[in-house]
Every structure is written in structure tokens, then in C-alpha cells.
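The structure appears right after this line, and notes come after that.
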There are 2 protein chains.
Amino acid sequence: MPPSTASDNGKPSRREQILTAAAELFARHGFHGVGIDDIGAAVGISGPALYRHFRSKDAMLGEMLTSISERLLDGGQRRVDGATDPATALRELVRWHVDFALDDPALITVQMRNLANLTDPDRRRVRALQRRYVEVWVDTIRETVSGADEPAARAAAHAVFGLINSTPHNAHLDRGQMAALLGRMALAALTAAGARDDGTPPTPAPAVAPAAGQVS
Amino acid sequence: MPPSTASDNGKPSRREQILTAAAELFARHGFHGVGIDDIGAAVGISGPALYRHFRSKDAMLGEMLTSISERLLDGGQRRVDGATDPATALRELVRWHVDFALDDPALITVQMRNLANLTDPDRRRVRALQRRYVEVWVDTIRETVSGADEPAARAAAHAVFGLINSTPHNAHLDRGQMAALLGRMALAALTAAGARDDGTPPTPAPAVAPAAGQVS
DNA sequence: ATCGGAAGTTAGCGTCCGCTAACCTGGCCG
DNA sequence: CGGCCAGGTTAGCGGACGCTAACTTCCGAT
């Protein structure tokens with residue numbers, strides 16, 4: 001079998017090296033702002049050698065984004081499935097997304113900014129995966145936060161993604177504090193998403209748990 | 001005097017037409033993804049005619065981002081100065097930023113994504129303005145939210161920007177509902193930013209005001 | 001009536017960039 | 001030992017892109 005995503009051993013395959021280097025560059029300069037030669041140089045080979053591993057520059061972005069979307073989706077799905085009640089499910093979702101964003105800021109940035117640069121088939125695929133991920137959030141939000149109708153829950157989910165994904169612009173706190181802060185803020189925001197502007201009291205908050213990630 | 005930013009009459013100057021069209025395109029495709037001819041076509045003239053109004057493509061982005069940063073900063077500053085107490089100042093800041101993001105999603109998107117494409121002097125200018133804007137937020141947060149030290153307040157500010165700026169990906173709610181939702185979520189998130197992971201109770205929330213904008 | 005400048009046009013320059021072609025090389029298998 | 005192929009090299013093509021040059025047109029002031 002030709003190496004598709006990785007070898008099962010420890011060291012990352014060439015394809016993976018290239019993808020992570022490219023992700024870093026795409027995140028910093030944008031897709032069109034990075035040349036083939038730049039990506040090559042970043043892994044110590046030069047320019048066209050990349051075409052031994054990828055069919056095109058577009059294909060790199062395509063594979064990068066589909067893989068991110070898949071990881072996000074099934075990580076999130078797994079947390080929700082493993083939770084005993086909706087409130088813990090929501091906490092787990094938040095923790096999952098926070099950990100992801102903190103561990104892979106470049107990937108998160110690329111996914112946020114470079115969707116438009118995909119080829120049409122790739123974009124369709126990625127969009128579909130993202131929709132399903134949002135759906136997981138929307139369902140969990142609606143089970144947890146009272147008074148949130150479906151469009152509001154969807155908007156709230158996107159807003160929380162924006163909140164959590166702000167991580168790349170925040171190098172100043174250490175990982176543990178950052179995870180705790182983002183977790184608290186995200187849960188508070190989600191809880192507030194259900195409050196009505198009439199006098200209806202909001203859901204009494206699903207307990208601000210220590211949502212921090214393992215600080216390695 | 002040649003028209004610099006606008007004529008004082010009603011209709012927008014050519015420069016302004018060009019800048020808003022360019023902002024739309026930059027937001028959708030990224031700076032490098034948009035050609036001079038595309039921008040020209042978007043305002044009904046073709047390609048090089050733009051150089052009657054701007055010295056270069058970089059200059060367009062430069063002027064666009066400085067103007068956004070200036071508007072954000074002094075709008076925010078004005079709201080804070082006009083507020084009687086820190087809690088209302090914070091509510092006003094949130095409302096101001098929400099209104100801005102809802103009224104000009106393209107501009108907000110460009111500012112978030114295309115800072116890296118500026119020339120060095122332009123980037124320095126914009127960065128400086130942004131830093132001052134963040135400072136306004138940080139100060140207000142620290143006066144309002146107890147238990148938020150300076151780095152945490154800074155991170156919280158960035159997180160709330162991310163939350164509010166998620167607007168462009170949310171066409172599904174109408175403007176009034178969206179403004180209210182984002183305002184509620186942002187204030188809740190900020191309040192939670194001060195909560196400690198030990199048992200210290202958080203600040204009792206500065207009253208979720210009807211933060212919606214005028215729905216025209 | 002004239003003339004000057006603001007605002008457009010098309011042609012075309014130089015450069016950069018994605019990608020292909022042709023060639024080299026070292027390690028593994030028969 | 002010989003040959004193959006994965007993985008690398010450099011040279012170069014073709015197209016796109018930013019920008020300039022040269023020329024036209026329209027309008028408003030003298």
C-alpha cells in the first residue's frame with residue numbers, strides 16, 4: 001500500500017511534513033501569498049519536488065482542509081456520544097474545540113480563512129463536513145440551553161467558534177490558563193445565548209467546570 | 001482641495017466606491033486572490049483606470065485598513081468617554097463593535113484576515129491603532145470585571161472580537177436578533193472572564209441591556 | 001472658442017508563479 | 001552485480017498580474 005496519510009511508525013511521513021509546513025505558511029501569508037518554492041524550502045527540498053507527493057498546490061490545501069474537518073467532526077461526535085447528559089456533552093465539545101485550537105493554531109487559522117481558495121469539489125466536501133460538525137453543536141446546544149431556537153443556536157455556535165478560534169492572536173497566556181479562560185467564556189456565552197430580551201430568566205448555567213486541557 | 005476621503009455631499013466619491021468594492025472582493029477572495037482588473041470591473045471601469053485614484057494596489061489595502069482602525073478606535077473611545085460608569089462603558093463598547101460588524105461585515109473580514117498583506121509602514125500604523133483600541137477594551141474590562149488581570153483581560157478582549165466578528169458567517173438571523181444575541185453572548189463571556197477556578201464567585205453581571213441596534 | 005486637467009481607454013513591459021520535462025542518484029531486491 | 005524506482009535536481013514554458021505609457025474624451029473656467 002502506498003503511504004496515504006501516515007506510516008504507522010512514529011516519524012511523520014514526508015507528506016505530513018509538507019502539509020504542516022504548508023499550513024504554517026498558509027496561515028501566515030494566505031494561500032495565494034505562498035509560493036511552491038516557499039513550501040519546498042520550508043521542508044528542505046526545493047520547489048517542484050513537491051509534485052512527487054501532491055498533484056497540485058490546490059490538492060495540498062484540499063487534503064489539509066478535509067483532514068481538519070474530519071478530525072474536528074469525529075472528535076466532536078465522539079465526545080458527545082461518550083457523554084451521559086447534554087450539559088456534559090456541551091462542556092466536552094467546548095473542551096475539545098479549545099484543545100484543538102490551542103494545539104493546532106495554524107490549522108484552525110487556515111480552515112477559517114482559506115475555504116474560498118478550494119476547488120469546487122473540495123469545497124463541497126469540506127462544507128459538508130463543517131455542516132455536520134455545526135449540527136452536532138446545534139443539537140447539543142438546543143438540548144442544553146433553554147429558549148434557543150434552531151437559527152439562534154446555529155448563530156451561537158458560529159459565534160463560539162469565533163471566540164475559541166481567536167487563540168492564534170493570543171500568545172500571551174500559557175496554555176493552561178488560556179484553555180481555562182476560553183472554556184469559561186465559551187460556556188458563559190452559550191448559556192447567555194438562550195436568555196430572552198423579555199423578562200424570562202435564563203438557564204441557570206451548567207456549572208463552570210475546570211474545562212482546562214491536560215497541560216502536558 | 002482634491003477629494004481626499006469624501007465630498008461633503010451625499011453621493012460617495014469614486015475613491016470610496018472603489019474602496020468598498022475592493023473590500024468586498026478582498027473579503028471574499030483574499031488580497032492576492034483579487035486582480036486589479038476585478039476591482040475595476042466591480043465599479044464599471046477597467047483595470048488601470050484605478051491608478052488615477054490610488055498609487056498602487058497595496059495603497060488601497062493600506063488606506064482601507066487604516067480607515068477601519070481609526071473608525072473603530074475613535075468610535076470606541078467616544079463611547080467610553082460618554083459613559084457615566086465602567087459597566088455602561090463596557091456595554092457601549094460591545095454595542096459599538098457589534099453594530100460595526102453588522103453594518104460592515106466585509107470591512108471587518110478584511111481587517112481580520114489581511115493584516116499580513118500590508119506594506120511594513122502601513123502595517124505598523126494599523127497595528128498601533130489596533131493596539132490602542134484593544135487598550136480601551138482592556139482598561140474598561142479591568143474596571144468592570146473583578147479578578148481579571150491584564151493579560152487575561154487582553155485575551156478576553158481578543159476572544160470577544162472573535163465572537164462578534166463571526167457575524168459574516170451568520171446570514172441567517174435578522175439584524176435586530178443578531179445584535180441582541182451577540183451583545184448578550186459577549187457580555188456573558190466577558191463577565192465569565194473574571195471568574196476564578198477556585199470557588200471565588202464571579203462579578204454579578206452588569207445587566208443584560210437591550211443592546212440591539214436601530215433596525216432601520 | 002480655447003485650453004487644461006481629471007478620468008478613462010488599450011497595448012504592452014517585466015516579473016512572478018504553478019507546473020512539466022528531462023535528467024541524476026542512491027538504496028533495495030532479484 | 002545489475003536494474004529499477006522513489007525522490008530529488010535544474011531549466012524552462014505559458015499564463016496571469018501589477019503597473020506604465022500613450023492616447024482620447026469630456027467638462028469647466030478663462
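Computed from heavy atoms alone, side chains included, the values below leave out hydrogens, waters and symmetry copies. So you know, we letter chains A, B, ... as the sequences are listed, proteins then strands, and number each from 1.
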[options]: which one has an atom nearest the side-chain heavy atoms of [X]?
X     : options               : value
A:S56 : D:dC19, D:dG8, C:dC19 : C:dC19
B:P48 : D:dC19, C:dG18, D:dG7 : D:dC19
B:S46 : D:dT9, C:dT9, D:dC19  : C:dT9
B:A49 : C:dC19, C:dT9, D:dG18 : C:dT9

>> For B:V126, run the side chain to side chain contact (heavy atoms under 4.5 Å, CB included) check against B:L61, B:L118, B:I68 and tell me which one passes.
In response: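 Per the side chain to side chain contact (heavy atoms under 4.5 Å, CB included) rule, the option paired with B:V126 is B:L118, out of B:L61, B:L118, B:I68.
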To the nearest Å, give me how far apart [atom1] ([X]) and [atom2] ([N]) are.
X     : N      : atom1 : atom2 : result
B:L50 : C:dA6  : CG    : C1'   : 15 Å
B:H53 : D:dC19 : NE2   : P     : 15 Å
B:H32 : C:dG18 : NE2   : P     : 11 Å
A:R15 : D:dA6  : CZ    : P     : 14 Å
A:Y51 : C:dC17 : OH    : P     : 12 Å
A:D37 : C:dT15 : CG    : P     : 17 Å

>> More than 12 heavy atoms of other residues, nucleotides or ligands under 6.0 Å from CZ of A:R113: yes or no?
In response: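 Check passes, neighbour count above 12.
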> Can you tell me if A:H97 and A:N165 form a side-chain donor-acceptor pair at under 3.5 Å?
Replying inline: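 Short answer, yes.
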>> Does B:V43 reach a base, just sugar-phosphate, or nothing at all? Heavy atoms under 4.0 Å.
In response: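 Here B:V43 touches no strand at all.
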>> Quick check: on DNA chain C, is the nucleotide nearest A:R52 upstream (toward 5') of the one nearest A:F31, or the reverse? Name the residue that is more 5'.
In response: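 Upstream on the strand: A:F31.
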> Should the ring pair A:F161 and A:Y133 be called parallel, tilted or perpendicular, given that the plane angle runs from 0 to 90° and is split at 30 and 60?
Replying inline: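 The arrangement is parallel - the two ring planes meet at less than 30°.
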